[in-house]
Number of protein chains: 2
Amino acid sequence: MKKLINNPDNVIADALKGIAASDKDVRVDFENRVIYRATPKDGGKVAIISGGGSGHEPMHGGFVGTGMLDAACAGEVFTSPTPDQMLAATTTVDNGAGVLHIVKNYTGDVMNFEMAAELAADAGIEVATVVVADDVAVQDSLYTAGRRGVGTTVLLEKIVGAAAEEGGDLASIQALAQKVADNGRSMGMALTSCTVPSAGKPTFDLPENEMEIGIGIHGEPGRHREPIGDAHSVAEQLVQPILADLDFTGAPVIAMLNGMGGTPLIELYVMYAEVIALLEDAGVKVERNLVGNYITSLEMAGCSLTLLRADDEMIRLWDAPVQSAGLRWGL
Amino acid sequence: MKKLINNPDNVIADALKGIAASDKDVRVDFENRVIYRATPKDGGKVAIISGGGSGHEPMHGGFVGTGMLDAACAGEVFTSPTPDQMLAATTTVDNGAGVLHIVKNYTGDVMNFEMAAELAADAGIEVATVVVADDVAVQDSLYTAGRRGVGTTVLLEKIVGAAAEEGGDLASIQALAQKVADNGRSMGMALTSCTVPSAGKPTFDLPENEMEIGIGIHGEPGRHREPIGDAHSVAEQLVQPILADLDFTGAPVIAMLNGMGGTPLIELYVMYAEVIALLEDAGVKVERNLVGNYITSLEMAGCSLTLLRADDEMIRLWDAPVQSAGLRWGL
């Protein structure tokens, strides 16, 4: 296993030390593995938290900061955080206006966030929840009933984070979050597997000449395997299922071409050129974009495409300042 | 070869299309492979350009933007751009106050930038040059006479870019650049090789249980190979040669823990925690830092550490706003 780690069982604890040491704008609750803002939001504003298994960095901890998340809790690699962690994040950031939980649709995450919401309610904290289930690849997978939650989560955290900064109430924030979740679609592919440190061997085997189309962010099987194609044909296999699932014409679109972790940026730009050409041919107008590593799967090589059918309000919120380790502009 | 590309011979051209499509703040001269700002600096200010072989993204093209570079030219993968490209970049951005060339110390780059400077002088453009040679690993390598130029280049482009934005003259900008170059040191290591697309096979072989300490950003051999150690021991092997080469106590230090491209962010944070603990023990005070992929070697797994012995003026310029695809804050 070729990894820059100490004890495979302590990777998250060790990484949290590095985050605390490098980012002066966040604090880390090491016991609960919660990353939260060093300077809390002004009182009376809705707080936004998310969380999930680790190994997808910068998501979610890297998105804690002004204009995005108030806190994130980190589970073990590819494993949901516990309800206690989620409750700790919730109580840390609540300032009376309620807390939105952003949950990716995996069975463990959904169950644990539900339990955390109940515990928070018992403690007098109002919680609303949005579940992201945007992966068009497969209906059910190893980890989830229904579609998996993937790249739309990043766009949602940015947009909803901006809205919360402006002071919307919990009901309106939740409605916006649901609208983003309903209008985002993603599709991913992999050239290689990745290795969970505590497992010590690749999650799956992918022969030297093959790629997997429709893969999940934990290496869950996708739609099929086939010989590695060129960037153009890979782009077609990402774009077509997304456009077949939702009409992206007639609205401003936010596109994210995301790297899975082990694919160099130069290849992501090659892919983006192919994707944008296909979208233009299909009459889809991309108004904003991200190209880079935002929701990763450790060192997996591959990429995913996320499209969000936005509206003027979402674009305005997208453009609002954000200052987090993983995403920042305009501050 | 597991890559998201079309024709291996067209990777740079294809990637430039993606950069042009994704970043509204830059323009691409496809013929000369020059990336330059969509909105030029105000007249009368020194322009800053850099360039080098591709495969190190986001460096250099990703650092074109307000507060950093005015233009960058992209060579083939791991191959110097031609003097013509450098001249095109120089003439594109000059507005009468002269142009600084930031050159990494590789034989081809140095020679071609010298030739471009002469051609620019013939055309009446004043050019000054700074050569970065900050790699403490080896004195000479396959590509260079003297030390290789690596991570300090990123910090230099940020600091000098900020100074140029403020309106310093060419002599003062060059002096600042030289001061940064003189006070930066780097050391890298790799867990895996990388594959140049046109070669189609890994640049070198590194057995499953070995790592290479002191590697260059083109896979040039380093100091030695040894069995993979834990993050703590790797950190020691990066920190010690740097501290042995220059005294970093008694000054504010800017640290960059850089990923080589294929190493996930979670491991970089583990490494940063180890590095910062060692530096604290050594009495080195890190005032600013970067953790992420800034000067990469395609999909190579590994990392490098760069320390800059800064001063208050460099810290002030470091904090100045920057808006580029690869590095941005404060705007």
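Within every chain, numbering begins at 1; the chains are lettered A, B, ... in the order of the sequence lines, protein sequences first and strands thereafter.
Annotation: side chain of Ser54(A) is in contact with side chain of Ile266(B) (closest heavy-atom distance under 4.5 Å). Between Lys2(B) and Leu206(A) the shortest side-chain heavy-atom distance falls below 4.5 Å. Residues Leu4(B) and Met189(A) form a side-chain contact, since some pair of their non-hydrogen atoms from C-beta on lies under 4.5 Å apart.
Between chain B and the options Lys3(A), His232(A), Lys17(A), the largest number of non-hydrogen pairs under 4.5 Å is found for Lys3(A). Note: Gly262(A) leads Gly62(A), Gly61(A), Gly262(A) in heavy-atom pairs under 4.5 Å with chain B. If you tally non-hydrogen atom pairs under 4.5 Å between each of Met271(A), Glu274(A), Glu208(A) and chain B, the highest count goes to Glu208(A). Of the residues considered (Met211(A), Met300(A), Glu299(A), Met1(A)), Glu299(A) shows the highest number of contacts with chain B, using heavy-atom pairs under 4.5 Å.
Both the backbone and the side chain of Pro58(B) come within contact range of chain A, with heavy atoms under 4.5 Å apart. With a 4.5 Å cut-off on non-hydrogen atoms, Ala325(A) touches chain B through its side chain but not through its backbone. Proximity to chain B (any heavy atom under 4.5 Å) is shown, for Ala21(A), by both the backbone and the side chain. Both the backbone and the side chain of Ile5(B) come within contact range of chain A, with heavy atoms under 4.5 Å apart. Using a 4.5 Å cut-off between heavy atoms, Val11(B) contacts chain A through both its backbone and its side chain. In this structure, chain A has no heavy atom under 4.5 Å from any part of Thr296(B).
The neighbour count for Asp205(A) CG, taken as heavy atoms of other residues, nucleotides or ligands under 6.0 Å away, does not exceed 12.
One distance of note links CG of Leu298(A) with OG1 of Thr263(B); it measures 11.0 Å at 0.5 Å rounding. Put simply, CG on Leu265(A) and NE2 on His56(B) are 13.0 Å apart, with the number rounded to the nearest 0.5 Å. In this structure, Lys24(A) NZ and Arg288(B) CZ are separated by 7.0 Å, a value rounded to the nearest 0.5 Å. Interatomic distance, Tyr272(B) OH to Ile19(A) CD1, rounded to the nearest 0.5 Å: 12.5 Å.
Pairing each heavy atom of Tyr269(A) with each of Ala15(B), the nearest pair is CB-O, 3.5 Å. Between Gly18(A) and Ala273(B) the shortest heavy-atom distance is N-CB, 3.5 Å.
Here the side chain of Asn6(B) pairs a donor or acceptor atom with the backbone of Ala231(A) at under 3.5 angstrom. Listed for the Asp14(A) side chain is no donor-acceptor partner under 3.5 Å among the backbone atoms of Val270(B).
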